[in-house]
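Throughout, protein chains are lettered first and strands after them, A, B, ... in sequence-line order, and every chain is numbered starting at 1.
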There are 2 protein chains.
Amino acid sequence: MTDVIRRRPRQADVAALAGVSQATVSTALGTSPARASLSASTLERVALAARTLGYVPDPVARRLAAQSTDLLGVYTFTDAFPVEVRDSYYPFLVGIERSAARLGYDLLLFTGTSSSRGGEAVQKVRLADGCLFLGRHVPEEQLQQLLDAGYPVVYVGRRTELGGRLSYVGADYVAGAAQVVDHLAGLGHTALLYVRGTDDAVASADREEGFWRAVAAAGLRGQVQRAYASSIDARALQSWRASGVTAVVTEENDANDLLAALLAAADDADVAVPQEMSLAVLGESGGVETAPRVTGFALPRQQMGEDAAALLVDLVTGRRTGPVQELLVPSLLVGETTGPPPPA
Amino acid sequence: MTDVIRRRPRQADVAALAGVSQATVSTALGTSPARASLSASTLERVALAARTLGYVPDPVARRLAAQSTDLLGVYTFTDAFPVEVRDSYYPFLVGIERSAARLGYDLLLFTGTSSSRGGEAVQKVRLADGCLFLGRHVPEEQLQQLLDAGYPVVYVGRRTELGGRLSYVGADYVAGAAQVVDHLAGLGHTALLYVRGTDDAVASADREEGFWRAVAAAGLRGQVQRAYASSIDARALQSWRASGVTAVVTEENDANDLLAALLAAADDADVAVPQEMSLAVLGESGGVETAPRVTGFALPRQQMGEDAAALLVDLVTGRRTGPVQELLVPSLLVGETTGPPPPA
DNA sequence: CGGTGAGTCTGATGCGTATCAGCAACGCTG
DNA sequence: CAGCGTTGCTGATACGCATCAGACTCACCG
């Protein structure tokens with residue numbers, strides 16, 4: 001009598017029942033080309049035995065032997081499930097999950113905070129076939145190691161670190177900025193001011209580039225000014241108006257809310273938006289509860305997630321190779337803060 | 001010359017560099033008690049070698065050998081990241097992630113939809129040390145197999161399937177219902193009507209039990225009626241009033257919105273809520289956009305998630321054993337639909 | 001009848017780690 | 001010096017699967 005409290009059945013058990021070798025079971029149940037050279041009757045017997053025993057392959061062993069788990073890692077540097085539901089990461093995850101599910105992959109969720117052993121923790125993602133990263137943070141050394149080992153990694157969001165070796169699916173801020181500027185040009189504005197924050201993030205630079213390009217293309221007058229939210233007040237606004245500016249665009253900026261400062265300044269200065277001054281943001285206007293719906297552009301977040309996951313799968317399967325970098329074009333959001341310029 | 005494009009370093013490489021055996025490296029780098037019997041100098045040499053080579057343990061191999069991955073599975077039968085952000089599962093996930101992170105576990109996310117091979121798919125969770133399930137669906141056969149193998153499973157939500165062998169962290173609907181009834185009793189109501197749906201879900205039965213218990217404890221008159229949303233109209237409402245009922249409670253019910261039907265009926269019958277008739281729900285009143293904030297109780301969803309994950313970890317580590325069943329008490333939500341009964 | 005090839009299947013091996021029995025060297029006791 | 005316990009390490013093995021180089025059988029051809 002064999003032990004009744006047998007652990008999970010393994011291929012060896014199936015093999016015994018079917019009267020074949022473990023190797024044959026592996027072949028019969030797998031998808032390798034070798035499968036074609038097994039007789040129909042053997043395939044059938046193995047399948048039957050497997051069903052009878054309720055055999056299910058052990059994904060861990062499978063991975064150890066074959067280097068593949070049908071798992072995609074998702075590494076976030078903040079909680080993946082933010083309490084702030086409006087959190088901007090969320091739509092990425094929705095997209096990622098969709099794509100993964102469609103392609104038959106499951107998700108391995110790492111939170112930077114968890115195994116807080118800092119650096120080393122990232123290596124744990126190797127349990128998955130490949131890994132998506134999202135978040136501002138870029139652990140260069142760790143990524144370096146992963147890349148060197150040929151481990152597939154895709155960032156959600158444009159990342160220029162590591163000399164372009166990183167694959168990513170990002171948003172085309174240049175195009176987004178251009179859309180906003182074009183929108184203003186279409187309304188008849190000719191003198192624009194772009195107020196941007198003082199940091200040097202990639203996205204910021206892209207937005208500025210988009211601003212300049214569109215300004216040039218449309219033959220407008222434009223200028224850029226860097227500012228802290230605290231330095232934007234009624235007086236500044238008045239001086240801009242005096243210099244002929246009819247529309248101000250700014251960047252969304254969580255840390256340092258330029259947009260809110262501009263709205264407040266307009267209010268202070270009794271400048272009606274958009275009648276006397278148009279206002280737009282090169283990005284999305286934060287929360288839903290923002291009083292006026294501000295003109296700007298929306299990142300195709302869910303689509304970015306989907307594309308990133310799909311790209312990762314391609315890298316994993318080898319359908320695509322090398323660093324692949326993809327930019328998706330945002331869509332213009334026309335809000336209530338832009339209108340034709342005031343009559344001269 | 002050894003091959004330069006060497007794969008990730010393994011313990012064998014560290015061992016060679018440190019001049020010890022692979023077994024020693026495993027012991028030195030691990031946490032087993034055997035570690036104590038290694039000399040300080042050896043520990044040091046191994047640690048140095050590991051650091052030099054940038055050795056990182058392979059989570060897969062570790063799991064295969066040691067049956068432990070520091071991973072918790074999360075199995076949902078719908079998308080884990082619902083597009084409907086208001087989705088009721090979401091807070092569970094927030095709690096789960098928190099707990100997991102705090103306890104040093106990462107999350108393995110399975111969506112019932114992904115590996116759609118139906119039943120067998122559930123077995124994939126074995127990659128994790130234990131698994132949380134959420135969703136109405138209960139794949140009994142599959143769970144049976146997992147339980148029989150001693151695999152730790154915890155449901156989020158009370159589940160009475162499998163003869164009580166399932167561990168869960170649920171909401172105490174009995175207590176929740178009692179809170180609502182007590183609230184009404186405190187306001188002076190003496191005749192209550194509980195309108196419930198027609199299904200026989202566990203939660204429904206619990207609510208009804210809570211209703212009866214609290215009614216008995218408070219010495220009130222109560223009655224229960226089963227109904228479809230479509231059968232609730234102005235006439236029904238009037239007849240209830242005629243029979244002396246001053247407060248109606250119902251259950252939240254996504255499929256068959258009794259609550260909405262009641263509100264509509266009150267409107268039709270020109271019965272003012274809560275002046276002429278109080279209305280409460282034994283659960284949460286659906287969306288945020290519900291016109292009046294309906295009195296009811298809130299499930300401590302996030303807490304349930306946290307507790308469930310914590311429980312699972314206890315089961316995994318063996319700190320607790322056997323089926324553990326936990327109920328958390330909801331908190332009363334006093335809304336705008338309950339008030340004192342009309343003067344007789 | 002020896003030889004060739006196609007069709008089927010198996011034994012052996014590796015993946016990277018954890019664990020355990022056991023070995024060698026050493027000091028100590030009687 | 002025989003006997004014994006300690007300390008510090010290693011060899012062997014298991015975990016469950018995939019893969020590959022053969023081995024074996026049988027039909028068929030020259």
Side-chain angles (χ1 to χ4, degrees), chain A residues 6-16 18-47 49-50 53-71 123-124 126-127 129 149-151, chain B residues 6-16 18-47 49-50 53-71 123-124 126-127 129 149-151:
Chain A
R6 183 48 181 260
R7 307 299 289 172
R8 230 151 60 99
R10 350 170 225 186
Q11 290 189 342
D13 301 320
V14 177
V20 297
S21 73
Q22 176 266 322
T24 301
V25 173
S26 175
T27 308
L29 263 29
T31 60
S32 88
R35 183 166 197 270
S37 67
L38 287 184
S39 74
S41 82
T42 297
L43 287 179
E44 208 167 321
R45 287 208 322 284
V46 170
L53 264 42
Y55 168 78
V56 175
D58 180 338
V60 180
R62 182 204 289 281
R63 153 72 200 227
L64 187 59
Q67 339 264 30
S68 140
T69 43
D70 291 354
L71 246 40
Q123 299 294 336
K124 253 189 99 176
R126 286 168 158 287
L127 230 175
D129 292 344
Y151 185 83
Chain B
R6 182 50 179 261
R7 308 302 287 172
R8 231 151 57 96
R10 355 169 220 184
Q11 290 187 343
D13 301 320
V14 176
V20 296
S21 73
Q22 176 266 321
T24 301
V25 172
S26 175
T27 308
L29 263 30
T31 60
S32 88
R35 182 165 199 269
S37 67
L38 288 182
S39 75
S41 82
T42 297
L43 287 180
E44 209 169 320
R45 289 210 319 286
V46 170
L53 263 44
Y55 169 78
V56 175
D58 181 334
V60 181
R62 185 205 285 281
R63 151 74 199 221
L64 186 59
Q67 344 260 23
S68 142
T69 40
D70 291 353
L71 247 41
Q123 298 293 336
K124 253 188 102 177
R126 285 167 161 286
L127 231 174
D129 291 345
Y151 186 83

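In this model, the phosphate group of C:dA12 is not approached by any side-chain N or O of A:Gln22 to a distance below 4.0 Å at OP1 or OP2. At least one side-chain nitrogen or oxygen of B:Ser39 sits closer than 4.0 Å to the OP1 or OP2 atom of D:dC9. Between C:dC9 and A:Thr24, no contact under 4.0 Å exists linking OP1 or OP2 to a side-chain N or O. Residue B:Arg10 places at least one side-chain N or O closer than 4.0 Å to OP1 or OP2 of C:dG16.
Look at CD on A:Glu44: it is 13 Å from P on C:dC9, rounded to the nearest Å. Counting to the nearest Å, the P atom of D:dC20 and the CZ atom of A:Arg35 are 17 Å from each other. For the pair A:Asp58 CG and D:dC15 P, the interatomic distance rounds to 12 Å; values are reported in whole Å. When the P atom of D:dG16 is taken as reference, atom CG of A:Leu29 falls 16 Å away, rounded to whole Å. Between the CZ atom of B:Arg62 and the P atom of C:dC15 there is a distance of 19 Å, rounded to whole Å. One interatomic measurement links the two molecules: CG of B:Asp70 to C1' of C:dT17, which rounds to 14 Å at whole-angstrom precision. If you measure from atom CG of B:Leu53 to atom P of C:dG16, you get 14 Å, rounded to the nearest angstrom. Atom CG in A:Asp13 sits about 11 Å away from atom P in D:dC15, given to the nearest Å.
When all heavy atoms of A:Tyr55 and A:Val14 are compared, the closest pair comes out as CB-CG2, 3.6 Å. Looking at every heavy atom in both residues, B:Ser32 comes nearest to B:Thr27 through OG-CG2, 4.3 Å. The two atoms that bring B:Leu29 and B:Ala50 nearest to each other are CD2-CB, 4.3 Å, heavy atoms only. Closest approach of A:Val20 to A:Val46, counting heavy atoms only: CG2-CG2, 4.0 Å.
Along DNA chain D, the nucleotide nearest to A:Ser26 and the one nearest to B:Leu38 differ in position, and the one closer to the 5' end is contacted by B:Leu38. If A:Ala65 and B:Gly30 are placed on DNA chain C by their nearest nucleotide, the residue sitting closer to the 5' end is A:Ala65.
In the set D:dC17, D:dG16, C:dA18, the nucleotide with an atom closest to the side chain of B:Leu64 is D:dG16. Among C:dT19, C:dG16, C:dT17, the nucleotide with an atom closest to any side-chain atom of B:Tyr55 is C:dT17.
Using a 4.0 Å heavy-atom cutoff across all strands shown, B:Ser37 reaches at least one base atom of the nucleic acid. As judged by a 4.0 angstrom heavy-atom cut-off over every strand, B:Thr42 is placed among residues touching the sugar-phosphate backbone only. Counting any heavy atom pair closer than 4.0 Å across all strands shown, B:Val20 reaches sugar-phosphate atoms only and no base atom. Nucleic acid contact for A:Ala23: base, since at least one base atom lies under 4.0 Å from a heavy atom of the residue.
Looking at B:Arg63 and B:Leu71, their side chains never come closer than 4.5 Å, going by heavy atoms from C-beta outward.
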